[in-house]
Amino acid sequence: MIASDSLRYTRVPTYGSGSIPAVGFGTLIPDSVVTRQATKAALEAGFRHLDCAERYRNEEAVGDAIHEAFGAGMLQRRDLFVTTKLWNTNHRPERVKPAFDASRRRLKLDDIDCYIIHTPFAFQPGDEQDPRDERGRVIYDSGVTLAETWQALERLVDEGHCRSIGLSDITLEKLREIVAVARIRPAMVQVESHPYLPEWELLDFCREHGIVLQAFAALGHAMKPNVLADPVITAIAERVHKTPAQIALAWAVQRGSAFLTTSTNPRRIRENLDISALPEEAMQEIQQRITTNIRFNSVVETGVPGFIPRAV
């Protein structure tokens with residue numbers, strides 16, 4: 001095994017932001033008290049990239065944890081990369097800046113490192129985050145295009161407080177369309193990706209254009225078929241004395257992408273950061289011997305994130 005503990009500190013070069021920490025902590029945690037505790041544990045463990053979202057309804061708790069870490073002298077603002085996201089009901093250009101400013105207030109930060117369009121689907125504008133008709137079908141907004149929303153994000157960068165912009169839950173086809181018309185290129189795209197959904201073509205396009213591909217559900221979100229039970233992954237883990245999760249996360253960074261991982265367990269949080277470089281033959285095994293191909297989240301087809309429960 002390659003003796004390297006530096007993988008966890010990898011930064012991926014990107015257009016607009018210089019570089020982005022490859023190892024990120026996701027804050028999709030339903031309970032605000034637990035969110036604060038888990039975010040604090042992640043910062044204590046050494047995570048320096050936090051992924052947030054208006055839709056998660058817990059930005060205040062994340063902001064509290066960040067400022068607690070600042071107050072304790074654990075880190076300074078310049079040490080931390082913070083991403084948050086514009087929700088689907090705020091795609092109309094006139095709603096973008098108010099939504100961005102509201103996220104900044106909740107996070108208690110003057111600047112956001114990367115502001116991302118949560119999905120390329122516009123929902124009916126308003127305060128209801130999950131607008132549905134009488135049959136329970138999502139109410140979409142045909143009065144705005146993704147390009148118009150992107151232009152509103154570009155203006156945020158022009159005005160300051162927003163250092164870079166990006167997209168999430170997007171297909172390669174849609175990303176090509178935005179890159180073709182963008183005045184400010186995306187710094188990052190966030191998509192489901194793991195050994196069962198490697199997204200090699202999308203990764204190649206991102207590399208070509210200086211865009212960071214950040215993988216969410218990097219461990220398969222504990223869904224079946226279970227990525228972490230794959231015999232290729234488990235055999236490598238046994239050989240190099242790491243957990244299957246550490247193998248999948250190391251693979252993500254070593255192939256040139258970034259990742260997000262979420263846990264509320266301090267031990268698991270530390271474990272997910274404790275990644276080391278894999279031998280080249282292990283990288284080849286994962287690419288060549290794993291043939292399962294599955295997407296766990298249908299958000300790219302509907303704009304409805306499958307891992308966020310609907311409010312009842």
Going by atom types only, do E192 and H194 share a side-chain donor-acceptor pair under 3.5 Å?
yes
Would you say the side-chain atoms of N88 and Y140 include a donor-acceptor pair closer than 3.5 Å?
no
Output yes when a side-chain donor or acceptor of E154 lies under 3.5 Å from a complementary backbone atom of R183, and no otherwise.
yes
Short N-O contact, R48 and D79, less than 4.0 angstrom:
no
Residues D111 and R77 bridged, charged N to O under 4.0 Å
no
D51/K85 salt bridge by N-O under 4.0 Å criterion:
yes
Could you tell me whether R155 and D158 make a salt bridge, using a distance below 4.0 angstrom between a side-chain N and a carboxylate O?
no
Any V82 side-chain heavy atom under 4.5 Å of C114 side chain
no
Distance-only donor-acceptor check, side chains R255 and S193, under 3.5 Å:
yes
Ignoring hydrogens and angles, tell me if any N or O in the side chain of Q76 forms a donor-acceptor pair with the backbone of F70 under 3.5 Å.
no
A side-chain contact here means heavy atoms from C-beta on lying under 4.5 Å apart; do F123 and I139 qualify?
no
So does R295 pair up with E199, basic N to acidic O under 4.0 Å?
yes
Going by the rule ring pair (Phe, Tyr, Trp, His ring centres under 6.0 Å), which residues pair with F216 if we only count those two or more places apart in sequence or in a different chain?
none
When you group the ILVMFWY residues by side-chain heavy-atom contacts below 4.5 Å and let the links chain together, are L28 and L43 in the same group?
yes
Counterpart residues, ring pair (Phe, Tyr, Trp, His ring centres under 6.0 Å), relative to F100 (two or more places apart):
Y115
Please say whether more than 12 non-hydrogen atoms of neighbouring residues, nucleotides or ligands are located less than 6.0 Å from CD in E173.
no
Check this for me, if you would: do D101 and K97 make a salt bridge, where the nitrogen-to-carboxylate-oxygen distance has to be below 4.0 angstrom?
yes
Give, for atom CZ of R55 and atom OG of S168, the distance between the pair rounded to the nearest 0.5 Å.
13.5 Å
Aromatic rings H209 and F205: how do their planes relate, parallel, tilted or perpendicular, breaks at 30° and 60°?
tilted
Side chains of N58 and S32: do they bring a donor and an acceptor to under 3.5 Å?
no
Does a side chain donor of either Q129 or R57 reach within less than 3.5 Å of an acceptor in the other side chain?
yes
NZ/NE/NH1/NH2 to OD/OE distance under 4.0 Å, E271 and R268:
yes
L50 side chain near I66 side chain, heavy-atom distance below 4.5 Å
yes
Side-chain heavy atoms nearer than 4.5 Å, only ILVMFWY residues, links allowed to pass through others: does that put I275 and M283 together?
yes
Is it the case that N90 and E54 place a side-chain donor and acceptor less than 3.5 Å from each other?
yes
Any non-hydrogen side-chain atom of H91 less than 4.5 Å from a side-chain atom of E148?
no
May I ask you to decide whether R36 forms a salt bridge with E68, counting only side-chain N to carboxylate O separations under 4.0 Å?
yes
Distance from T243 atom OG1 to L228 atom CG, nearest 0.5 Å?
8.0 Å
V96, V181: one ILVMFWY side-chain cluster at the under-4.5 Å cut-off?
no
Run the side chain to side chain donor-acceptor pair (under 3.5 Å) test on R11 and S19 for me, step by step, so that the C-alpha distance in whole Å, both residues' side-chain angles and the decisive distance to 0.1 Å come before the verdict.
CA-CA 6 Å; R11 297 183 70 95; S19 63; 2.7 Å; yes
Do F25 and L260 have side chains that approach each other closer than 4.5 Å (heavy atoms only, starting at C-beta)?
no
I'd like to know if the side chain of T39 and the backbone of V62 have a donor-acceptor N/O pair within less than 3.5 Å.
no
So which atom in S164 and which in F81 form the shortest heavy-atom distance, rounded to 0.1 Å?
OG-CZ, 4.5 Å
Would you find more than 12 non-hydrogen atoms of other residues, nucleotides or ligands less than 6.0 Å from E281 atom CD?
yes
Same apolar cluster: V191 and L172, side chain cutoff 4.5 Å:
yes
Please tell me whether E59 and T84 have a donor and an acceptor in their side chains that are separated by less than 3.5 angstrom.
yes
Let me check something: do V232 and I294 share a hydrophobic cluster, defined by ILVMFWY side-chain heavy atoms less than 4.5 Å apart, either directly or through other members?
yes
Electrostatic pair D64-R106, nearest N-O below 4.0 angstrom:
no
